[in-house]
Amino acid sequence: MGINYSERIPNNVNLAADRTLQRALEHWQPRFLDWWREMGPSDFAASDVYLRTAVGVDAQGWASYGYVKMPDYRWGIFLADPEPDRRIGFGDAYGQPVWQEVPGEYRSTLRRLIVTQGDTEPASVEQQRLLGHTAPSLYDLRNLFQVNVEEGRHLWAMVYLLHAYFGRDGREEAEELLARHSGDADKPRILGTFNEPIPDWLSFFCFTYFTDRDGKFQLKSLAESGFDPLARTCRFMLTEEAHHMFVGETGLGRVVKRTLEVMKELATDDPAAVRRAGAIDLPLLQKYLNFWFSSSLDLFGSEVSSNAATTFANGIKGRPDESQYADHVCSDATFALETPEGRQTVSLRNAMNEVARGAYVKDCELGLRRWNMAIKRAGHEFELKLPSTRFRRSIGVWANVPTDPDGRTISREEYERRLADWLPTDADRAFVRELMQRVVSPGKVAAWIAPPDRGINNQPVDYEYVRLP
Ligand code: BYC
């Protein structure tokens, strides 16, 4: 079904046919807009931003570009088209028809997952709210705002499910999604990473590279769900999510490119000299990668998880790309897990979080391989590395076990002493903050990052992606 833009809430779920639901969502809409004004991008409400808006959910029609003021963005409810005769693809109910309503016995589990997913979306907008003031170019400013409005839409996606399928509890949860705030001492966001500040653009690019990629893998898992409205919602969200990771990957790639240019100009790979020249030295970039990768690993939950086993068994949450596996039931299969106490064999169903994390780590490696190729081509020895999945974990079997970035267990004392070599220090962060000077002339970029290779939607790089008032 096409997207109906003539209604107050654009949608392709025939919202007009369900007056009660429509009224409930129209009641939530002004609260969302209040939240956007208070907690969304600081300033820029009057700027015209060259944004992509979905006009259809099929491959051709889903993206149309034009200038929009962010508060006027048409946030709406878009589900991927239904698959005829779709069947549950994993777990004990393998092969049975998917559910169009929430099975009573899975109600609280499904609500918890939808709330957790939903909570991350506004959280990320809150984390990024001040970045507009220090954007390195209009192109980057536009990308930030594109990410922000789409995270807003992803919140809508989860709120629709809560309102449509979970009655009064769902409506209450939808209110709570606007009441918790990133980093708030009393009402923080649910998952750790979403309470971390994103005070600078290097953190933003790391976040969109690593944390949005967790989004990709979690959405892939939920896109397998036997609860069909959730699966269809997540399938469409994944198309939008791809751009967010593009922002992270190209952003970090441009940082590496600029740093290599500066190293060449100075004919040195001395990090201090690179810093003095106003670029981000590679060891500093490595520290940021260490920070955001380790934090994002925690988002997959514990290696051994009865929650994960139950949601897999019940057909609620599958593995990312479930169809690539031969065994979709996994009732007897086991998984060899490395723990601080040595290798342990656990039931595969209990290890589903670790399976998803493993796929995620492989995906994270691809960007590093590309950046390392550029470093090597420029004639330098330095190699960027993902730290071990044991390093700096707060969730799971490695939580609070001191290891070095290679995953070797070390004493707490050594860990504390060497942390400044592995994670950004206050001085590192202050240096990065100093670099963050706002650049708003079309086609110009800040000195710490290379310009993008190409513009958005075939527009030139020097296009006026944001028209400031
Ligand atoms: N921080 O059995 P466990 C995205 C909690 S990102 C704090 O280990 P389970 C996006 C856990 O909630 C994708 N708490 O794990 C990206 C549980 O608490 P309850 C977001 C944590 O349940 C960028 C307890 O520990 N989507 O879309 O198997 C921008 C024991 O749990 C953390 C989802 O996460 C943590 N890191 O799995 C914008 C999908 N980790 O319930 C958006 C939905 C675990 O006992 N969520 N805990 O009170 C899930 O599938 C699961 O909730 C998790 C945890 C994968 C997060």
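The shown structure was predicted, so the numbers you read here are calculated from the model rather than taken from an experiment. Numbers for residues simply follow the sequence, beginning at 1. In listed order, ligands and their atoms are each counted from 1.
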Considering only heavy atoms of [X], which atoms of ligand 1 have at least one such atom less than 4.0 Å away?
X	answer
D214	6 (S), 13 (C)
E121	27 (O), 38 (C), 42 (C)
S124	29 (C), 38 (C)
T116	46 (N), 52 (O)
E151	29 (C), 38 (C)
F207	23 (C), 29 (C)
K317	49 (C), 50 (O), 55 (C)
N353	9 (P), 15 (O), 28 (O), 37 (O)

**Q.** Any side-chain donor near an acceptor of the partner, N307 and T310, under 3.5 Å
**A.**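 No.
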Q. Going by the angle between their ring planes, with limits at 30° and 60°, are F78 and F236 parallel, tilted or perpendicular?
A.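 Correct class here is perpendicular.
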Q: Over 60° means perpendicular and under 30° means parallel, so classify the ring planes of W36 and F32, tilted if in between.
A: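 Aromatic pair F32/W36 classed tilted.
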Q. Which residue supplies the protein heavy atom nearest to atom 1 (N) of ligand 1, what is that atom called, and how far is it?
A.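 Going by distance alone, atom 1 (N) of ligand 1 is nearest to G192 N, 3.0 Å.
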Q: Could you tell me the residue and atom name of the protein heavy atom closest to atom 19 (P) of ligand 1, and the distance to it rounded to 0.1 Å?
A: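 Of every protein heavy atom, R112 NH1, 4.5 Å lies nearest to atom 19 (P) of ligand 1.
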Q: May I ask you to decide whether E224 forms a salt bridge with R319, counting only side-chain N to carboxylate O separations under 4.0 Å?
A: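 Salt bridge between E224 and R319, a charged N being under 4.0 Å from a carboxylate O: no.
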Q. Under 4.0 Å between a Lys/Arg side-chain N and an Asp/Glu carboxylate O for K216 and E241?
A.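 Salt bridge absent between K216 and E241.
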Q. Is the number of heavy atoms from other residues, nucleotides or ligands within 6.0 Å of CZ (R438) greater than 12?
A.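 Result for CZ/R438: enclosed.
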Q) More than 12 non-hydrogen atoms from neighbouring residues, nucleotides or ligands closer than 6.0 Å to CG on D332, yes or no? A)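 Counting other residues, nucleotides and ligands, CG of D332 stays at 12 neighbours or fewer.
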Q | Distance flag, aromatic centroids of Y160 and W156, threshold under 6.0 Å | A |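 Ring-ring flag for W156/Y160: false, centres at least 6.0 Å apart.
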**Q.** Gap separating the CG atom of L297 from the CZ atom of R390, nearest 0.5 angstrom
**A.**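 These two atoms lie 13.0 Å from each other.
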Q: Looking only at distances, please establish whether an N/O atom of ligand 1 is found under 3.5 Å from an N/O atom of E241.
A: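 N/O-N/O distance under 3.5 Å: no.
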As a check for students: among [options], identify the option with a heavy atom nearest to [atom].
atom	options	value
atom 53 (C) of ligand 1	L299, L297, V125	L299
atom 7 (C) of ligand 1	I190, N307, V147	I190
atom 51 (C) of ligand 1	T193, L113, D212	L113

